[in-house]
Amino acid sequence: MLRDRLKRLNHLHTVIGIVLGWLLFVVCFSGSVAMFYDEMVDWEDPDVRQSSIESPAVPIKPMVDDFRNRHEGEAQNLFMSLPVEEAPYYRLFASFKDSDGNTTRHSERYHLVTGEAIGDKAEGPATWLLRFHQNLQIERRLGRSLVGIAGVFMLVSLLTGVIIHRKILRDLYKVRWHRSMHLKWKDLHTGLGVWTLPFSITISFTGAILGLVVLFLPILALLAFKGDQEAAIEAVTGPPPAPAGVVAEMAPLEDVITRINNNTAYRAHGVSFENYGDANARYKVFAETERELVRFVQVDANAVTGEYDKPSVLFGALPESAIGRVYAAITPLHYGTYGGTLLKVVYYFVGMVVTLSIAIGTLIYLERRLDGPVGKHSRGFYVAISRINAGLTAGLALASIVIFYSDRLWGLFTEDRGYATALVFLATWLAAIAWALLPRDPRLSARQLLLPTALLCMALPILDVATASTAPQTHAALVVNLVVASSGGLLAAYLWVSRKVRAGEADALASSASLVSLP
Amino acid sequence: MSMRGLSMSVLAFLFTSFFSAAIIVIGPGDFANRTLCTILLSPFVWGLAMFYCYWDELAWRPTAALSAVTAACAVVVFMFEVRL
């Protein structure tokens, strides 16, 4: 009975791996890279890099007025991000609703010192990779839901993986390097999976929550609120504050921010404007924290008097309860924002190990069908799948680094920057898959794709210094240069060692063959 | 697709949706906490439902159990008003 149950759970583990293996690989890889989103944004815009950011001294009201006058219609969800080292400029975002009821989202950047509009730079490689992780660059709701579902399946895969490996602790350190390829991969898959298990559970659970909110909210609203999604949200967050209908002079926001920065333990990062220009206006100031397990700390201020409330770790309108606190911890736990740069580096490398473990799982499946007794399809079918797998996995890494080069070298400071990034990314990825489909050993194709990836990663600091020699090497840019270069170094070292090992194995095989042929 | 596969891919999702909605409609505690708790538990509920489909020795049992609970939750969702 136990044997049958383990067989069923093994089947479930395999089915999840086959159906969602590539999706999980893409999500985990892009998520690991997107860990340095803030730092990459700074890296990709050397023309606005600043080595230090002082407290805001520029009057903010003219910027807000200028932004509202630039676009037709009523500004909704007005938000301003304040200058930080990774993004040393003011940036205003809002949705503008025109007379026909159409809503368009706009943003504008303003100079740190002069407060003048400096044009908005379209989304570059960092945002592309982040969006790719969050919603696979498809329609937001569908994409996020798919990623959330992948998170749930990953949880099930982890649970079944732990149960089907009966001697999990004994096998923790076991890698049979000198046995068959299948056994090597099996040991690596188990070992890497177990070592990263707490991290994998955390990431898949928090990722599932972040994705499933988008999927379940309309379903729950449909079932419990007869389809009224706004009523469902309002029942949780409370009604939005109503405007008084009386025009009022706003207190200078820069003064409120300076007082919050000086008198609290937090540093303001952004401001949300509620009922701006009205007597009931509020500034909702978001401050970053590296000491609390929350994404932001919120400080509410009266926009007319400038008085602010006690900082709250429950941003938005989360309830003051243990559950509210747990919910607030989901985002920082997923993005590793609660422990500074070092924690992000740990998240990145462990995330890459999880990605590798997923890739090895797919290889085990294919190896058993190519050279083993199992499999319902022809060998040609599995060979084709192996080639696509090689192109898809190695090509993703190559495409992810190529977009940084294309963006920097071509100077795509245009409205089409996001489009150009997408084009280069997808073209590189498809070319890599096409390359891997050529009739030869897929492992050779993967190595041929990984070698330029490693070289491009190692050369990234050179590109940065060569093309942005006058820009300061900020902390953020330095982190990107070091992490990417060291990743490239590790990949190159792996390729070198594995080449040596394979050459050794080939020699051993050749000599044993010659011994057999001796009279 | 086998009965287990069908239960895992379709029924487990329906079960999670109706179970979560039923908790929101009549569950204990205040509404905001109840909703957040449901969202937080949904990956586990869904995951465990999928896991159960392959855990039980008899293939029909998870299908029957999940269908019965889903139906009961549907009755709660459609018969009761949300307790705010």
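- Residue B/S20 touches chain A through both its backbone and its side chain, counting heavy-atom pairs closer than 4.5 Å.
- Contact annotation for B/F31: only side-chain heavy atoms (C-beta onward) come within less than 4.5 Å of a heavy atom of chain A.
- When atom types are taken as modelled, the side chain of B/R4 and the backbone of A/L12 share no donor-acceptor pair closer than 3.5 angstrom.
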Tabulate below the donor-acceptor pairs under 3.5 Å that side-chain atoms of residues 7-14 of chain B make, not counting sequence neighbours, or state none.
| residue | atom | partner | partner atom | Å |
| --- | --- | --- | --- | --- |
| B/S7 | OG | B/M3 | O | 2.8 |
| B/S7 | OG | B/T63 | OG1 | 2.8 |
| B/S9 | OG | B/G5 | O | 2.7 |

Just distance, no hydrogens or angles: give the donor-acceptor pairs under 3.5 Å from side chains in residues 38-49 of chain B, sequence neighbours left out.
| residue | atom | partner | partner atom | Å |
| --- | --- | --- | --- | --- |
| B/T38 | OG1 | B/R34 | O | 2.7 |
| B/S42 | OG | B/I39 | O | 2.7 |

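- A/I323 CD1 to B/L36 CG: the interatomic distance, rounded to the nearest 0.5 Å, is 7.0 Å.
- Residue A/L222 does not touch chain B at all, counting heavy-atom pairs closer than 4.5 Å.
- Partners of A/R369 under the side chain to side chain contact (heavy atoms under 4.5 Å, CB included) rule, at least two apart in sequence or in another chain, are A/Y365, A/V374, A/Y382.
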| request: Decide yes or no on side chain to side chain contact (heavy atoms under 4.5 Å, CB included) for A/F153 and B/M50, but give the supporting numbers first. | output: CA-CA 9 Å; A/F153 276 89; B/M50 286 197 272; 3.6 Å; yes
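- Residues of residues 65-79 of chain B lying within less than 4.5 angstrom of chain A, judged on heavy atoms, are B/V77, B/F78 in numerical order.
- More than 12 non-hydrogen atoms from other residues, nucleotides or ligands lie less than 6.0 angstrom from CD of A/E139.
- The backbone N or O of B/W55 lies less than 3.5 Å from a partner atom in the side chain of A/R8, making a donor-acceptor pair.
- Scanning all heavy atoms of the two residues, the minimum distance from A/G324 to B/N33 falls at N-OD1, 4.4 Å.
- Contact count versus chain A (heavy atoms, under 4.5 Å) is highest, among B/T35, B/D56, B/T16, B/V25, for B/D56.
- With a 4.5 Å cut-off on non-hydrogen atoms, A/I209 touches chain B through its backbone and its side chain both.
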| message | What verdict does the side chain to side chain contact (heavy atoms under 4.5 Å, CB included) test give for A/T160 and B/Y54, after you've listed the backbone C-alpha separation in whole Å, the side-chain angles of each residue and the deciding distance to 0.1 Å? | response | CA-CA 10 Å; A/T160 50; B/Y54 278 79; over 6 Å; no
